[in-house]
Number of protein chains: 2
Amino acid sequence: MLLSKSCIYGLRASLYLASQKSEGYTPIRKMSEDLEISFHFLTKIMQQLTADELLESFKGPNGGVRLKKSGDEITFMDIVMAIDGPALFTECALGLPGCGVEKPCPFHEQWAETRDNIKEMMEGTTINELAIKGKEENLRLTAKGGFEKFLQLE
Amino acid sequence: MLLSKSCIYGLRASLYLASQKSEGYTPIRKMSEDLEISFHFLTKIMQQLTADELLESFKGPNGGVRLKKSGDEITFMDIVMAIDGPALFTECALGLPGCGVEKPCPFHEQWAETRDNIKEMMEGTTINELAIKGKEENLRLTAKGGFEKFLQLE
DNA sequence: GTAATTTAAGATTAAATACTCTTAATTATT
DNA sequence: AATAATTAAGAGTATTTAATCTTAAATTAC
């Protein structure tokens with residue numbers, strides 16, 4: 001699996017937040033229901049993103065979480081790094097410690113090129129870009145429902 | 001993590017076998033010592049590759065495992081598919097079931113392109129190619145030692 | 001200031017992956 | 001035939017990841 005479950009949920013939740021019209025906070029309970037993710041598990045993931053300054057949170061009635069910066073300034077990679085960390089982009093595909101240009105494994109060359117492609121793709125993709133695409137084409141963020149399900153009416 | 005530990009060990013062991021000069025069987029015990037992989041765990045992985053017809057085995061004295069085909073005909077992808085299966089190349093990066101051209105997620109386009117690159121790279125890399133490179137440049141298959149450690153003298 | 005709403009944090013449980021141990025089956029050597 | 005060397009297979013344990021439960025802290029509204 002490329003990304004952990006936590007990371008996948010964090011990405012879905014970030015797209016959800018980027019698609020919200022209102023500037024206000026969105027309660028995690030509502031997100032967990034819309035996205036069909038366990039509330040407590042999602043809460044932990046939102047805490048990680050909040051600790052990493054990608055989100056900000058507010059306690060109490062009308063509280064919740066929201067993006068701390070514009071969705072244009074948050075990349076797919078930002079979320080991946082915050083939750084899964086850099087391992088995917090630094091570690092040897094054959095699991096050898098310290099594999100790199102100085103002490104490569106036989107597969108290093110191929111993997112270094114490929115993972116740089118993955119990296120560039122993730123760095124070049126913003127969550128706003130994905131959220132806009134999702135809204136325009138009514139794409140999915142859950143097993144079933146379309147995107148419109150998440151658009152906050154005001 | 002891109003590949004499971006089992007898959008990583010399976011790949012290292014396959015490169016090891018591809019680098020052997022002799023046509024004979026190599027005992028898993030010896031491989032496990034050279035590659036610093038637990039004997040029983042490696043045995044299970046070798047069983048998987050044998051069941052998938054990538055290796056063949058022989059019991060008893062002078063027994064062991066060896067490549068069933070030439071290392072030129074076994075790709076990196078063959079080993080990955082035998083051990084980790086196709087999930088990496090078929091599943092949605094956001095974990096949505098049934099994500100594809102008909103019912104895509106917002107990230108589908110980017111991921112489909114990237115994973116096709118990974119796929120092509122793995123399909124286009126043979127274990128012989130990597131074994132030869134490893135021998136010529138004395139690269140590593142373990143945390144410490146160089147490749148020469150594995151070359152069977154005869 | 002009390003109750004309701006919400007995130008934060010820690011403890012616990014469940015499931016998946018990684019690894020180990022034991023026994024059985026096969027083959028070669030003597 | 002007996003012994004040793006080896007893979008096969010299944011059961012068992014440990015570690016990691018995923019998910020749940022409980023309590024605390026902050027904030028709002030009445």
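In what follows, chains carry the letters A, B, and so on, assigned in the order in which the sequence lines appear, proteins first and then strands, with residues in each chain numbered from 1.
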Peer 1: Heavy atoms from C-beta onward define the side chain here; which of D:dT7, C:dC19, C:dA9 lies closest to that of B:Phe41?
Peer 2: C:dC19
Peer 1: When you measure from the side chain of B:Pro61, which nucleotide among C:dT7, D:dA4, C:dT20 comes out closest?
Peer 2: D:dA4
Peer 1: I want to verify a distance call: between D:dA29, D:dA19, C:dA8, whose nearest atom is closest to the A:Ser38 side chain?
Peer 2: D:dA19
Peer 1: Can A:Glu123 and A:Lys119 be counted as an ion pair, charged N to O under 4.0 angstrom?
Peer 2: yes
Peer 1: Which nucleotide in the set C:dA18, D:dT7, C:dG10 lies at the smallest distance from any side-chain heavy atom of B:Phe39?
Peer 2: D:dT7
Peer 1: Between A:Lys5 and D:dA19, is there a contact of a side-chain N or O with OP1 or OP2 at under 4.0 Å?
Peer 2: yes
Peer 1: Quick check: on DNA chain C, is the nucleotide nearest A:Gly63 upstream (toward 5') of the one nearest A:His40, or the reverse? Name the residue that is more 5'.
Peer 2: A:Gly63
Peer 1: Just checking, A:Arg66 and A:Tyr25: is the charged tip under 6.0 Å from the six-membered ring centre and within 45° of the axis?
Peer 2: yes
Peer 1: Where the side chain of B:Pro27 is defined as all heavy atoms beyond and including C-beta, which of D:dA8, D:dT28, D:dT7 is the nearest nucleotide?
Peer 2: D:dT7
Peer 1: From the set C:dT5, D:dT20, C:dA8, return the single nucleotide nearest to any side-chain atom of A:Thr50.
Peer 2: C:dA8
Peer 1: Answer with yes or no whether A:Lys44 presents, from its side chain, a donor or acceptor under 3.5 Å of a partner atom in the base of C:dA8.
Peer 2: no
Peer 1: Between the base of D:dA5 and the side chain of B:Lys59, is one N or O donor paired with an acceptor at under 3.5 angstrom?
Peer 2: no
